[in-house]
Amino acid sequence: NLNAIRPVVNITTVTNVGLFLTVFASRFYIVFMFTSAWFVLQQWENEFTKWDPENCGTTRISISRTNLWVPDIVINEIMDENTAPNVPYTYVLSNGIVSDSQPVKAVTSCRLDIYLFPFDIQNCTLTFNSFTLKSKFMRIYHKRMFEYSKSRMATMGEWELIGITAKKYTLPSTASGFYDEIRFHISLRRQAMLYVVNLLLPSCFLITVDLFSFILPPNEVDRSLFKMTLILGYTVFLLIMNDLLPVTGNAIPLINVFLSMCLTMMVGSLLETIVVTSFLHGSSNYSRAPRWIRVLFLKILGRLTLEQKGPLGEDKTLQELRSLGRGLQAIHLQLEKHLSKSTSTEEWIQIGLIIDRLLFILYIIFITVSFITIIIIWVVSYNAA
């Protein structure tokens, strides 16, 4: 039983173990868990098993793993047992190279960065090392790992494999000497089309409908019922689509900010409609607006919002009546009182329309700036990743 002894003639001879990593499937299911399936191929030389393939008639044979020395290479990030079926045999080639291919399906630790969700790129690391063999026993083969893994990837639904790199580190041991460690860096990019179609586009459509609701005349149509229906529908939509959003940790994804901003803008639009409706329907009960309000809204903001309908003053009929004699003084006082009340009502109605137009312009500016800012952050961060 020599499976615990390295297959070398001289104990000082270094056994070079080559590692090949082939990723077949991957899935993230919480913020720091990564479920994946891959093959780990180890190759090393056994100096005692060499033969002439012409005389023996074969270039390789299969031998039970219990009868051969196998390096005790472990994966540090595995958090659960390997659920893949065990392969009890290894292949020994005629030149003495032992090829040991083992499937691995396990849960590994990988901290996700979901800030750019759904346009995020996740980078996970698999660390391979040995607890018994010291430094200079492993060689890295990683030229064909990415191309081969991408061609054999079984699940290409949500995640796309975009890169596999490997790097070797020589670290000091706690006992004595040094040990080698190989870190495979796996890069996966999320397929964002599902989330764009099911989350982003409906939100943009609903916020656009809310924006165009400002076209409805506030003094003729009750816009508040329409906006409340829109908010209720959007709230139900967010509850239904909540399962598509990632489980957040300390970082808040940009898409959560985007959805919250859309809901906030709809609620703000409803509040604006309530204020304007209050102005329009209660204008007959208000006294005449103070001078500074008339100057600010009717003259300054009215010109900016193009809602100015001309000066509000005395009617020509009133001016003619004032030029009549004293015999018409009583009639003159009654008409002046009536027209003064009519002028006050018209002033408040026009102030309400100006406020409505002003908030509509601010609504457009805020939505445009917010959307552009979020898109720029998404693009810049995505390119930087």
Side-chain angles (χ1 to χ4, degrees), residues 1-8 14-27 33-49 58-110 124-134 137-155 159 161 163-169 179-186 188:
N1 185 11
L2 301 178
N3 57 3
I5 302 176
R6 283 192 304 125
V8 291
V14 176
T15 301
N16 295 315
V17 179
L19 291 179
F20 296 85
L21 181 67
T22 304
V23 180
F24 282 88
S26 59
R27 184 172 73 92
M33 291 294 198
F34 172 51
T35 303
S36 56
W38 62 89
F39 270 102
V40 178
L41 175 61
Q42 305 178 76
Q43 290 185 343
W44 64 92
E45 182 181 2
N46 190 320
E47 297 184 358
F48 301 104
T49 53
T58 182
T59 58
R60 70 173 187 177
I61 58 175
S62 59
I63 300 179
S64 175
R65 297 180 83 247
T66 58
N67 296 332
L68 288 176
W69 174 86
V70 178
D72 62 331
I73 297 178
V74 296
I75 306 174
N76 296 336
E77 286 78 11
I78 288 185
M79 304 179 65
D80 201 355
E81 63 178 354
N82 181 16
T83 58
N86 184 35
V87 179
Y89 295 99
T90 60
Y91 288 104
V92 181
L93 305 182
S94 60
N95 58 359
I97 299 298
V98 181
S99 180
D100 180 32
S101 181
Q102 290 293 322
V104 179
K105 182 182 179 181
V107 177
T108 58
S109 61
C110 178
C124 296
T125 303
L126 296 177
T127 305
F128 294 77
N129 57 19
S130 173
F131 287 115
T132 58
L133 297 180
K134 299 302 179 181
F137 81 100
M138 287 192 295
R139 287 190 297 130
I140 303 174
Y141 302 92
H142 59 86
K143 292 183 179 180
R144 296 178 53 199
M145 285 190 305
F146 170 63
E147 291 79 5
Y148 185 71
S149 294
K150 194 170 184 179
S151 64
R152 300 298 298 271
M153 195 79 171
T155 57
W159 295 96
L161 183 66
I164 299 179
T165 59
K167 191 173 182 180
K168 180 179 177 180
Y169 298 88
Y179 70 95
D180 285 355
E181 180 179 278
I182 294 182
R183 298 176 186 174
F184 291 94
H185 303 281
I186 304 173
L188 298 167

Measuring from atom [atom1] of [X] to atom [atom2] of [Y], what distance do you get when rounded to the nearest 0.5 angstrom?
X	Y	atom1	atom2	answer
Q102	N86	CD	CG	5.5 Å
I182	I75	CD1	CD1	12.0 Å
N67	Y89	CG	OH	10.0 Å
D100	L68	CG	CG	9.0 Å
I73	E181	CD1	CD	11.5 Å

Problem set entry | Closest non-hydrogen atom pair, W69 against W44 |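 Shortest heavy-atom contact: O-CZ2, 3.0 Å.
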Exercise. Can you name the nearest heavy-atom pair linking A84 to P103, along with the distance?
Worked result: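 Looks like CB-O, 3.5 Å.
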For [X], side chain to side chain donor-acceptor pair (under 3.5 Å) partners two or more places apart:
X	result
E77	T127
T59	none
T125	H185
N46	none

For this session: Taking side chain to side chain contact (heavy atoms under 4.5 Å, CB included) as the test, write out the residues that go with R60, two or more places apart.
Result: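 If we apply the side chain to side chain contact (heavy atoms under 4.5 Å, CB included) test to R60, skipping adjacent residues, the hits are Y91, L93.
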Problem set entry | For V8, side chain to side chain contact (heavy atoms under 4.5 Å, CB included) partners two or more places apart |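 Here the qualifying residues are R6, T13, T15, E47.
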Exercise. Does the side chain of P88 come within less than 4.5 Å of R65's, by heavy atoms?
Worked result: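 When only atoms from C-beta onward are counted, P88 and R65 do not touch, as no gap falls below 4.5 Å.
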Problem set entry | Min side-chain heavy-atom separation I78-V104 under 4.5 Å |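 Contact flag for I78/V104 side chains = yes.
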